[in-house]
2 protein chains.
Amino acid sequence: MRIGDAAAAAGTTPRALRFYEERGLLPPPPRSASGQREYGPDDVARIRVVRELLHLGLTVEDVRGFAARLDMFTDGATPRCASPSPSDPPSPASAAVTRRLAALDAEIDRLTRLRARLAGATGRSEAADTA
Amino acid sequence: MRIGDAAAAAGTTPRALRFYEERGLLPPPPRSASGQREYGPDDVARIRVVRELLHLGLTVEDVRGFAARLDMFTDGATPRCASPSPSDPPSPASAAVTRRLAALDAEIDRLTRLRARLAGATGRSEAADTA
DNA sequence: CTAAACCCTGACGCGCGCGTCAAGGGCAAG
DNA sequence: CTTGCCCTTGACGCGCGCGTCAGGGTTTAG
C-alpha cells in the first residue's frame, strides 16, 4: 500500500508518516521504481504503536531513543514494560518513560502552584483537582 | 532614566521593555532628542506590575486587555481584585483572570490524565500530587 | 579624540508535532 | 490522451516571551 492508504489505515496523515520517518521513528520503507514509499500491514501496526506512545505524552526524541526495539510491541495491544526482575538494567524505553513521568510531574506541579498563586493574589480560593 | 537602567531597576532587560511596549503592555515613553526612550520611577513601578501579572500566568494578550487600567495597581504591592458587590459588571481584568484560571485548570487536567495513562500503561502506579 | 558602553530598529531563533502551500512527476480510469 | 487524484521533496507557519545577532547612531569617561 502507498503512503496515503497506510496513513488512513493508521488513523493519521501522509505528512505525519514522512515526519516520523525523517525523525527516525519509522524505518525507511522500500520504494517503488518511481520512488513512491511502499508500506505493508506490519508498518501500519508499527505506526499505530508510535502514535500511541506519542499520545501517551512521550516526545519524538523519547520514541526515537528506543525505535529499534519497537517491534517487540507491535503484536501486543497496549505496551507494557513488564519488569522480569526488579534489578534489571533499565531499558531505554522505561528510562524514557521515567523521564517523561518526571517531566509531567514537574509541569503539573508548576501549573498547580501557578494556579494557586493566581487564585490567591486575586482573592479567589477554589481548589483545582481532577485526579 | 534610560531603558537599561529602567529594565535593571525592574529586574528585567531592555529587550523585554521594548517587547512590552510593542505589544501594548506599556505606554510608549517620551523620547530624547536623539530618539532614546526616557523612563521615570512610575514607569518602573508599572513594569513591575506587568511582570508580576505575567509571572502569575497571565498571557501578554490578557494583560494588554486591561493595560489602560493598570495604573490602579501601581501603588499597591500585590494586585487584589476586591469585589465591591458580588454582582458587578466583571472588569476586563477579572475576566482575564477567570479565563486564565480555566485554561490552567484545563491544562492541569490534561497533563494529569496524561500522566495517569502513561503510568498505567507501563505498569507503574504512584500518585502525582503536590497541591 | 577615542574607545567603551549604551541606545535604536528589524529580523530571525527557540521547541514541538506536525499542517500547509509550492512545484513537479506518477498512476488508473474514461 | 486527458483528467484528476496521488505521490515526491523542500520550505515556511504556528504560539509564547522574549534572546540574540546585525548594522547602525549616542552618550560618557578618560
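Chain A is the first sequence line, chain B the second, and so forth, proteins listed ahead of strands; every chain is numbered from 1.
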Notebook entry, point to check: For the pair made of CZ in A:R2 and P in D:dC7, what is the distance, rounded to whole Å?
Noted result: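 Result: 5 Å.
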Next item on the list: Whole angstrom is fine here: how far is it from CD in B:E21 over to C1' in C:dC7?
Entry: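 Those two atoms, CD and C1', are 13 Å apart.
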Checklist line | B:R18 side-chain proximity, nearest of C:dC27, C:dC8, C:dC18 | finding: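 Looking only at heavy atoms from C-beta outward on B:R18, the closest nucleotide is C:dC8.
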Notebook entry, point to check: Do A:L114 and A:L118 have side chains that get closer than 4.5 Å, going by heavy atoms?
Noted result: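 Counting from C-beta outward, A:L114 and A:L118 never come under 4.5 Å.
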Margin query: So B:F66 and B:V97, do their side chains get closer than 4.5 Å, heavy atoms only?
Written below: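 No, their side chains stay 4.5 Å or more apart.
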Notebook entry, point to check: Considering all heavy atoms of both residues, which atom of A:V60 and which atom of A:L54 are nearest to each other, and what is their separation?
Noted result: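 For A:V60 versus A:L54, the nearest heavy atoms are N-CD2, 4.0 Å.
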Note to self: Using five base pairs at each end to define the local axes, how bent is the helix from C:dC1-D:dG30 to C:dG30-D:dC1, to the nearest 10°?
What the structure shows: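 Nearest ten degrees gives 30° for this helix.
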Checklist line | Atom pair distance, as rounded to whole Å: CD1 in B:I3 and P in D:dC18 | finding: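 From B:I3 CD1 to D:dC18 P: 13 Å.
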Notebook entry, point to check: Any salt bridge between B:D42 and B:R46, counting N to O under 4.0 Å?
Noted result: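 Answer for the salt bridge query: no.
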Check: So how far is it from B:R110 CZ to B:R115 CZ, rounded to the nearest 0.5 Å?
Finding: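 Reported value, rounded in 0.5 Å steps: 15.0 Å.
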Notebook entry, point to check: Atom CE of A:M1 and atom P of C:dC27: how far apart are they, to the nearest Å?
Noted result: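 For the pair A:M1 CE and C:dC27 P, the rounded distance is 17 Å.
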Check: How long is the gap from CZ on A:R99 to CG on A:D62, to the nearest 0.5 Å?
Finding: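 Those atoms lie 5.5 Å apart.
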Checklist line | No-hydrogen, no-angle side-chain donor-acceptor test under 3.5 Å, B:T112 and B:D109 | finding: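 Distance-only check fails for B:T112 and B:D109.
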Donor-acceptor contacts under 3.5 Å from residues 7-25 of chain A side chains, at least two apart:
unit_1	atom_1	unit_2	atom_2	d
A:T12	OG1	A:R51	NH1	3.0
A:T13	OG1	A:A16	N	3.2
A:Y20	OH	A:R51	NH1	3.1
A:E21	OE1	A:R37	NE	2.8

Margin query: Could you tell me how far apart B:E38 (CD) and C:dC6 (P) are, to the nearest whole angstrom?
Written below: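 Computing the B:E38:CD to C:dC6:P distance gives 16 Å.
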Polar-atom pairs under 3.5 Å, protein N or O versus N or O of nucleotides 21-24 of chain C: list them with distances, or write none.
none

Next item on the list: Rounded to the nearest angstrom, tell me the gap between atom NE2 in B:H55 and atom C1' in D:dC18.
Entry: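 Rounded to the whole Å, the gap is 12 Å.
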Note to self: Which is more 5' along DNA chain D, the nucleotide nearest B:T13 or the one nearest A:P14? Just name the residue.
What the structure shows: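 Nearest nucleotide further toward 5': that of A:P14.
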Check: Whole Å only: how far is the CD atom of B:E22 from the C1' atom of C:dT9?
Finding: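 Result: 11 Å.
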Checklist line | Nearest atoms (heavy-atom pairs only) where A:R117 meets B:H55 | finding: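 Smallest interatomic distance, heavy atoms only, reads NH2-O, 2.8 Å.
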Margin query: Before you tell me yes or no, could you show the steps for B:L101 and B:T98 under side-chain contact (heavy atoms from CB on, under 4.5 Å), namely the whole-Å CA-CA distance, both residues' side-chain angles and the distance that decides it to 0.1 Å?
Written below: CA-CA 5 Å; B:L101 280 177; B:T98 301; 5.8 Å; no
Can you name the atoms? Protein N/O to nucleotides 13-17 of chain D N/O, anything below 3.5 Å, with the distance.
unit_1	atom_1	unit_2	atom_2	d
D:dG17	OP2	B:V60	N	3.2

Checklist line | Spacing between B:D5 atom CG and D:dT27 atom P, to the nearest angstrom | finding: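 Atom-to-atom, B:D5 to D:dT27, this comes out as 14 Å.
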Checklist line | Within residues 30-37 of chain A, residues whose heavy atoms come under 4.0 Å of DNA chain C | finding: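 A:S34, A:Q36 - these, ordered by number, are the residues of the stretch whose heavy atoms sit under 4.0 Å from the strand.
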Next item on the list: Check whether any side-chain heavy atom of B:M1 sits under 4.5 Å from a side-chain heavy atom of B:V44, and report yes or no.
Entry: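 SC-SC contact between B:M1 and B:V44 confirmed.
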Item checked: Results of side-chain hydrogen bond (donor to acceptor under 3.5 Å, both in side chains) for A:E38 - residues two or more places apart only ->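 By the side-chain hydrogen bond (donor to acceptor under 3.5 Å, both in side chains) rule, A:E38 matches no residue at all.
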